[in-house]
Amino acid sequence: MMIPFENSLEVEEARAKGTPLVALESTIITHGLPHPQNLDIARLIEAEVRAEGAAPATIAVLGGRLRIGLTEGQLAALATAQNVQKLSRADLAVALSTGATGATTVAATMIAARLAGIEVFATGGIGGVHRGADSSFDISADLHELAQTPVTVVAAGAKAILDLPKTLEVLETQGVPVIAVGQDAFPAFWSRDSGLAAPLRLDGAKDIAASHRTRADLGLPGGQLVANPIPADAEIPRAEIEQAVATALSEAERQGIHGKAVTPYLLDRINTLTRGRSVEANIALVLNNARLAARIAKELGTIAQ
Ligand code: PSU
Ligand code: MN
């Protein structure tokens, strides 16, 4: 069988030199952040990984090819394209076999990272159990992916648009380690503290790398969710963001938004309702996650497999 992905030159060079790699998703660029800032932010995330001495591999499907690492031109084209598909686990094979272009979610990026031998992945927030899931059944495929694909995902917890207690319950049922970094509380994306205890806590990249390897040694499938709190100077207090979340949720319900469209719709509305503050916080936390992911990737490079 042919290798089902293509490495960018930067990724090839990193492999040749033994530079640690960090996977980055592309749905955050196409569906998670507003135009036109999304391109600048995508570049900043990559730069943050490089500044730590690792190499970024932004992942996307371009013209039916699974790209591990994008050139500057490819990144710009993706960030400015209209109507790019949002590809999760269910969509990946159809997109590749029909020559489509699409951005990969956390789930699809994990699948691609594993294929490419990349063990660490940085993003902003993961998908989870949506509020009202008891009637909508809306549970992100990201949670099931974490249970079966051995990639450590660094996120700032899960967004307040989700039902966080139910999200943690599903992760527990699926056997996914949820590890808060440097604190006991599970962080809630824009805020450092969700009011819920994190199931696990580790205080640095070295320990996170060690637990990644130990899971593999135990023969356990699946990855780890590293919940890295937003830097204190960038956080939005819970009460403040909750108002925007509540408004956005009721608007989404009134308009009958469902399926894949829910998360992008809510993010866009919350950005408008907070007058851009939610996106400012999003930038700070994703850069913070890129930094930690690069450090974990470097530590993994020092532990024998
Ligand atoms: N949460 C964010 N920003 C994002 C996403 C989630 O704060 O951009 C994106 C990620 O790509 C994630 C996806 O994997 O949304 C989840 O979508 P769904 O809930 O439809 O599975
Ligand atoms: Mn969903």
Side-chain angles (χ1 to χ4, degrees), residues 23-35 37-38 41-42 45 58-61 78-79 84-92 102-113 121-147 149 151 153-164 166-167 170-171 176 187-191 194 223 225 227-228 230 234 236 241 244-245 248-249 252-253 257-271 274 278-290:
L24 300 168
E25 62 152 311
S26 43
T27 295
I28 186 175
I29 303 171
T30 55
H31 295 73
L33 292 164
H35 297 274
Q37 299 113 286
N38 60 342
I41 301 165
I45 300 169
T58 302
I59 289 171
V61 175
L78 191 71
V84 177
Q85 291 183 45
K86 173 180 162 186
L87 307 176
S88 190
R89 164 176 273 260
D91 316 295
L92 208 45
T104 50
T105 63
V106 168
T109 305
M110 288 179 75
I111 293 168
F121 162 24
T123 186
I126 60 156
V129 180
H130 281 263
R131 298 195 199 181
D134 44 345
S135 59
S136 71
F137 281 41
D138 191 346
I139 301 176
S140 175
D142 292 352
L143 302 184
H144 300 104
E145 205 60 54
L146 280 160
T149 301
V151 173
V153 178
V154 182
K159 282 227 163 101
I161 59 175
L162 300 170
D163 186 321
L164 298 185
K166 288 193 181 71
T167 299
V170 170
L171 288 164
V176 177
F189 199 81
W190 295 293
S191 324
S194 64
L225 177 59
N228 190 28
I230 183 172
I236 307 178
I241 198 76
V245 169
L249 282 168
E253 189 172 342
I257 310 283
H258 63 93
K260 290 179 171 211
V262 172
T263 301
Y265 177 89
L266 294 173
L267 299 185
D268 181 59
R269 285 302 296 145
I270 292 166
N271 181 36
T274 61
S278 67
V279 167
E280 286 305 315
N282 201 337
I283 297 168
L285 68 84
V286 77
L287 295 180
N288 192 42
N289 295 343

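Below, all heavy atoms of this structure are taken into account, side chains as well, without hydrogens, waters or symmetry copies. Both ligands and their constituent atoms are indexed starting at 1 by order of listing.
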With heavy atoms under 4.0 Å as the rule, classify the contact between L267 and ligand 1 as side chain, backbone, both or neither.
side chain
Hey, what do you get for OG1 (T263) to CD1 (I257), rounding to the nearest 0.5 Å?
11.5 Å
Looking only at distances, can you tell me whether any N or O atom of V106, backbone or side chain, sits closer than 3.5 Å to an N or O atom of ligand 1?
yes
Which distance, rounded to the nearest 0.5 Å, do you find between the OG1 of T104 and the CE of M110?
12.0 Å
Using only N, O or S atoms, tell me which atom of D138 is closest to the Mn ion (ligand 2).
OD1
I161 and side chain to side chain contact (heavy atoms under 4.5 Å, CB included): which single residue from I270, I241, V262 fits?
I270
How long is the straight-line distance from CG of L249 back to CG of L162, given to the nearest 0.5 Å?
9.0 Å
Element-labelled atoms of ligand 1 that are located less than 4.0 Å from some non-hydrogen atom of G32:
8 (O)
Where ligand 1 meets F189 - atom numbers and elements under 4.0 angstrom, heavy-atom basis
7 (O)
Measure the distance from atom 15 (O) of ligand 1 to every protein heavy atom, then report the residue, atom name and distance (to 0.1 Å) of the closest one.
T263 CG2, 3.8 Å
Minimum heavy-atom separation for A156 and L285, please, with both atom names.
CB-CD1, 3.6 Å
Atom NE2 of residue position H35 - does it have more than 12 heavy atoms of other residues, nucleotides or ligands inside 6.0 Å?
yes
From the options G125, G128, P264, A155, select the one whose nearest heavy atom is closest to atom 1 (N) of ligand 1.
G125
Can you sort out which atoms of ligand 1 are near H130, meaning under 4.0 Å from one of its heavy atoms?
19 (O)
Give the residue and atom name of whichever protein heavy atom lies nearest to atom 11 (O) of ligand 1, and the separation in Å to one decimal.
E25 OE1, 2.6 Å
Is a donor on one side and an acceptor on the other found under 3.5 Å between the side chain of S88 and the backbone of A90?
no
Between the candidates K86, M110, K159, which shows the shortest non-hydrogen contact distance to atom 7 (O) of ligand 1?
K159
Tell me which one of I29, D142, V262 gets a heavy atom nearest to atom 13 (C) of ligand 1.
D142
Protein contact to atom 21 (O) of ligand 1 [nearest heavy atom, distance to 0.1 Å]:
S140 OG, 2.7 Å
Which of T58, T109, T123 passes side chain to side chain donor-acceptor pair (under 3.5 Å) with E25? It is T123
Heavy-atom nearest neighbour in the protein, as seen from atom 9 (C) of ligand 1, with distance rounded to 0.1 Å:
T27 CG2, 4.0 Å
Looking at every non-hydrogen atom in both residues, tell me the closest pair between V245 and W190 and how far apart they are.
CG2-CZ3, 4.2 Å
